[in-house]
Amino acid sequence: MTAGFGSGDGRPAGAEPADASGSMAGRPGPLPPRIEPQPGSTWSTPPAGGTDPARPVPAPRAERPVPPNTGQWGPPPTAFGGAGHQGPGAPTTAPGPAVYPPAAPGFPGVTGYPPPGPAGTAPSTTAGYPGGPAHWPASPPADRPTRRRWPAVLATVAVVVLAAVAGLQAYQLDRLGDRLADTDRRLAQAQDGDLARLDSLDKRAETLEKQAGAAFNPEAVASAVLPSVFRVRAGEFTGTAFAVGKPASGGGTNLFTNFHVVEAVWDGGGREVFLERTSQRFPATIVKVDKTNDVAHLRASGKFSGLVTAPAAAKSGQQIVVVGAPLGLEDSVTTGVVSALRPAQGGSGPAIQFDAPINPGNSGGPVINGSKEVVGIATAKARNAEGIGLAVPIKVACDGFKIC
């Protein structure tokens, strides 16, 4: 079998491989001997002891000259320099560049190899073809540095984007803080306004309550006053008395009535009268009388609620309620207004003129204002006239008896 005719396995005729002791000991093993075909010979099956001379050996083609043996590592070394050291007895070649003919068409592993690499790198053989043509490893792609720069560029862009987002969020948070502060200010102002309005409403409510309390309500006045008002039986005379002030010092209840109601008993030397209410009857005693002002002080052993006296004098136009027992009819209520205040004259004390209807039996009954306070003691009415009644101011009675 013949060896290939590529540039990697040719050798000059007659050259012998270097032995193991020569300078080529560190290189790959010696190539097999080249079999040179003889012109005009033919191939035949060799006999057991050698070649078959009857089979002609084909001659090399003229268009493909046989290159000199260059070996796997370049041209053969010179005797004392050049590409390498040669063993003893090896022929020398003239210096000069080696000629490498193109490989035969279709020869595997010849075409398509990259050019030799930079100086100092060793060539490598084609895998699977011992002694094949040498080639240099491929150089790194030219765009690899650019690809290595991409992560840094992306990181820079990401940092810039994150910084922009952080700045935008900080700006939005700052604006939101300003808006919240403005909202708090407006809310505080609204709350201040609401508090002011609430204060105003509270004051108005208090005023309305006072006005409502001061509003004249005869029903409420009568309900509060009636339990403290009694019918008085003084002999043959009948009148009205009412509890006033705090309980008496020795126990019991202090009451006011007119002197002319108990005058017959007082002048007759008697002191006992009776208080009647519904079906009940309570004894009472005449303690003291004021004939000038027509007032008498009674005291009962029972305990009754006393009425409150007005601290101020009655005024013209003030609405009033008169409670009494006209003609013996207990718990009678009439209403009217204060017509005028009359000073003392003709040996009689000052008087309150009012227009509420009264009749015999109302004498000694309380005259009550809208605040459920006693302003006077009903004492008389004008004869042959309507709507003219008179009452003793409560201050006169309180100052004279000191029981209010």
Side-chain angles (χ1 to χ4, degrees), residues 4-10 23-29 31 67-78 81-85 95-202:
F5 291 93
S7 61
D9 54 2
S23 60
M24 303 194 57
R27 301 188 180 186
L31 298 176
N69 184 16
T70 58
Q72 296 184 4
W73 305 101
T78 60
H85 181 69
V99 178
Y100 294 91
F107 189 80
V110 175
T111 60
Y113 288 97
T121 58
S124 62
T125 57
T126 304
Y129 294 93
H135 69 278
W136 300 94
S139 61
D143 57 347
R144 184 171 299 173
T146 304
R147 292 182 180 177
R148 290 179 179 175
R149 286 195 299 268
W150 271 111
V153 173
L154 291 177
T156 303
V157 172
V159 169
V160 172
V161 171
L162 290 177
V165 172
L168 179 60
Q169 290 181 348
Y171 174 72
Q172 291 178 346
L173 288 175
D174 184 66
R175 291 193 60 189
L176 181 60
D178 294 340
R179 293 175 62 185
L180 288 176
D182 184 63
T183 302
D184 291 340
R185 286 194 300 271
R186 288 185 293 178
L187 182 60
Q189 293 176 357
Q191 289 178 348
D192 293 340
D194 292 340
L195 291 176
R197 285 192 292 270
L198 287 175
D199 292 340
S200 177
L201 289 176
D202 290 340

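Numbers for residues simply follow the sequence, beginning at 1.
Distance alone, capped at 3.5 Å, places no donor-acceptor pair between the S200 side chain and the A196 backbone.
Put simply, CG on L180 and CG on L176 are 4.5 Å apart, with the number rounded to the nearest 0.5 Å. How far CD of Q189 is from CG of D184: 11.0 Å, rounded to the nearest 0.5 Å. Between atom CG of residue L173 and atom CG of residue L168 there is a gap of 9.5 Å, rounded to the nearest 0.5 Å.
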Next on the checklist: Evaluate R179 against D182 for salt bridge (charged side-chain N to carboxylate O under 4.0 Å, His left out), listing each step before the verdict.
Outcome noted: CA-CA 5 Å; R179 293 175 62 185; D182 184 63; over 6 Å; no
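Between R175 and D178, no side-chain nitrogen of the basic residue sits less than 4.0 Å from a carboxylate oxygen of the acidic one, so the salt-bridge criterion is not met.
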